[in-house]
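Note that the structure is a prediction, hence the values are computed from the model and not measured.
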Amino acid sequence: MGNLLLFLQKYNYWFLFLLLEIFSFVLMFQFNSYQGSVYFTSANEVSGRVYDVKSEITAYFDLARLNEELTQQNVQLNLELSALRQQLERNSDTIVVSRHMQPLVDTLTTIPAVVVNATTNRKNNFITINKGESDGIKPDMGVVGGNGLVGVIYQTTAHYSLVLPLVNMMSTVSCRIRGRNYLGNLRWDGEDSQYAMLEDVPRHAYFKKGDLVETSGYSTMFPAGILAGKIVAIYNSSDGLSYELKVKLATDFGRIRDVLILPLQAVPELNVLEDRIKKMEEDRK
C-alpha cells in the first residue's frame, strides 16, 4: 500500500495532465459541432466494423443449421418434382390435372444427419453419420443429400450409422434415364469418385449425353426420381448386348456433410416376390 502511495505521489503531475486532457477532449467534442461530427463518424465506423465482425462470426456458426435446412428443402423439392412429373406423364392426355395429385413425399418422414467421417480414395468407401438405432435408423434405409443420391445404410449402432455410398464397389442402385424410363444398374468401378457406370441399358434405348439419371423406384430403399447424375459418355458392353453409360454423379463425396435418411418404402409384394426368386436361385445351386 505504501509503494502505491509513493507511486501516485511521484507521478501525480502525469495523472493530473491525463485527467485534464480527457476533460478538454470532452469539452471540445461536446461544444464544437465539427469536432463532434468527426468523433461520431469515427465512432460509428468503428462500431460498424465491430458489428460486421460479429455478424460474420454469427453467420459462420449458423451455417450448419442453414446447410441442414437447405438439404432438407432440396430433397423435398426434388421428390415433389419427381412425383408431379410422374403424375403429369400419366395424365398427359387430359387438360385438367386432378386436384388429388399429391406429391408422394408427403408420406415420407426423413431423418437429418451429419457426416462425421468419409473416405473417397478406397475401392470400398464408407461414410459415418451421427445418427443410429436410437434415432430410428435401420439397415437398408436410403441416404440422400442436397444434390442427390448418396447411398444406403449398411450397419448401425445406438448413435452412429455406416453408409454404403455409391462410391463403393459393393453398391448397386436401380436407376433409369429421366424422361425416357430406360432402366439400368448404377455401379462404381473403383476409379474416380466423381463418376459411376449405368450398366445393362438395352440396345434399343434412345438417349443422349446430358440426360439425367435418377432412381427408378423399383426398390424399398428409394422412391422414384432422386437424382443420381447425368450421362457424360456412352459405351458398348463387353458382350455387345447392352450399353454402359458413364454418369457424372450429382453428389460430391469429397465435400458431403448434411444428409437425410429416408424411411423404407412399403412394398410387401415386391419383397415377397424377390424372396421367392432368391430362394429359387439358391435351390438351383
Side-chain angles (χ1 to χ4, degrees), residues 67-68 70-83 85-86 103-118 120 124-157 160-178 183-188 193 196 198 212-229 247 249-253 256-271 273-275:
N67 284 336
E68 181 178 321
L70 288 172
T71 298
Q72 294 184 40
Q73 291 174 10
N74 284 342
V75 171
Q76 181 161 337
L77 287 172
N78 284 332
L79 291 173
E80 288 178 354
L81 284 172
S82 175
R85 190 183 301 110
Q86 294 177 62
L104 300 177
V105 72
D106 288 348
T107 63
L108 297 180
T109 303
T110 59
I111 304 172
V114 175
V115 172
V116 296
N117 187 40
T120 57
N124 293 316
N125 296 292
F126 287 97
I127 295 174
T128 305
I129 59 175
N130 66 344
K131 295 292 177 67
E133 296 169 4
S134 61
D135 303 290
I137 296 180
K138 302 176 182 178
D140 295 332
M141 282 184 166
V143 183
V144 297
N147 294 324
L149 196 59
V150 173
V152 177
I153 297 294
Y154 184 60
Q155 293 181 0
T156 61
T157 62
Y160 294 93
S161 297
L162 204 61
V163 179
L164 185 73
L166 294 180
V167 288
N168 185 306
M169 295 187 69
M170 295 188 293
S171 172
T172 302
V173 179
S174 175
C175 290
R176 67 186 182 191
I177 302 173
R178 177 175 291 178
L183 301 176
N185 293 312
L186 189 66
R187 294 189 180 94
W188 188 53
S193 63
L198 186 66
L212 299 179
V213 175
E214 62 185 13
T215 53
S216 65
Y218 293 167
S219 73
T220 59
M221 301 173 185
F222 302 102
I226 297 177
L227 182 64
V247 177
L249 299 176
T251 298
D252 185 349
F253 288 91
I256 190 169
R257 182 185 181 279
D258 295 286
V259 296
L260 293 178
I261 295 86
L262 304 177
L264 291 171
Q265 308 301 300
V267 193
E269 293 183 10
L270 176 61
N271 293 337
L273 182 60
E274 290 180 346
D275 289 342

Is the side chain of [X] donor-acceptor paired with the backbone N or O of [Y] at a distance under 3.5 Å, no angle test?
{"X": "N185", "Y": "T172", "value": "no"}
{"X": "T215", "Y": "G225", "value": "yes"}
{"X": "D135", "Y": "I137", "value": "no"}
{"X": "N147", "Y": "T251", "value": "no"}
{"X": "N130", "Y": "V114", "value": "yes"}

Spacing of [X] atom [atom1] and [Y] atom [atom2] [to the nearest 0.5 Å]:
{"X": "L164", "Y": "D140", "atom1": "CG", "atom2": "CG", "result": "10.0 Å"}
{"X": "C175", "Y": "Y218", "atom1": "SG", "atom2": "OH", "result": "12.5 Å"}
{"X": "L260", "Y": "K131", "atom1": "CG", "atom2": "NZ", "result": "9.5 Å"}
{"X": "I127", "Y": "S161", "atom1": "CD1", "atom2": "OG", "result": "12.0 Å"}
{"X": "N125", "Y": "N168", "atom1": "CG", "atom2": "CG", "result": "6.5 Å"}
{"X": "S193", "Y": "F253", "atom1": "OG", "atom2": "CZ", "result": "8.0 Å"}

Should I177 and L198 be marked as a side chain to side chain contact (heavy atoms under 4.5 Å, CB included) after you check the CA-CA gap, both sets of side-chain angles, and the distance that decides it?
CA-CA 9 Å; I177 302 173; L198 186 66; 4.2 Å; yes
Compare every heavy atom of [Y] with every heavy atom of [X], then report the nearest pair and how far apart it is.
{"X": "S216", "Y": "L183", "result": "CB-CD2, 3.7 Å"}
{"X": "T128", "Y": "L162", "result": "OG1-CD1, 3.6 Å"}
{"X": "A196", "Y": "R187", "result": "CB-O, 3.3 Å"}
{"X": "L212", "Y": "L227", "result": "CB-CD1, 4.0 Å"}

Using side chain to side chain contact (heavy atoms under 4.5 Å, CB included), reason through L149 and V173 one step at a time and then give a plain yes or no.
CA-CA 10 Å; L149 196 59; V173 179; 3.9 Å; yes
If the test is side-chain contact (heavy atoms from CB on, under 4.5 Å), which one of V163, V144, I111 qualifies with I261?
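Considering V163, V144, I111, a side-chain contact (heavy atoms from CB on, under 4.5 Å) with I261 is found only for I111.
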side-chain contact (heavy atoms from CB on, under 4.5 Å) partner of I153, chosen from M221, K138, M141:
M141
Is there a side chain to side chain contact (heavy atoms under 4.5 Å, CB included) between V152 and F222? Walk through the geometry before answering.
CA-CA 9 Å; V152 177; F222 302 102; 3.9 Å; yes
Note, [X] side chain near [Y] side chain (heavy atom, < 4.5 Å):
{"X": "L262", "Y": "I226", "value": "yes"}
{"X": "P139", "Y": "T156", "value": "yes"}
{"X": "L249", "Y": "V167", "value": "yes"}

Tell me, with the steps shown, if W188 and L166 meet side chain to side chain contact (heavy atoms under 4.5 Å, CB included).
CA-CA 7 Å; W188 188 53; L166 294 180; 5.9 Å; no
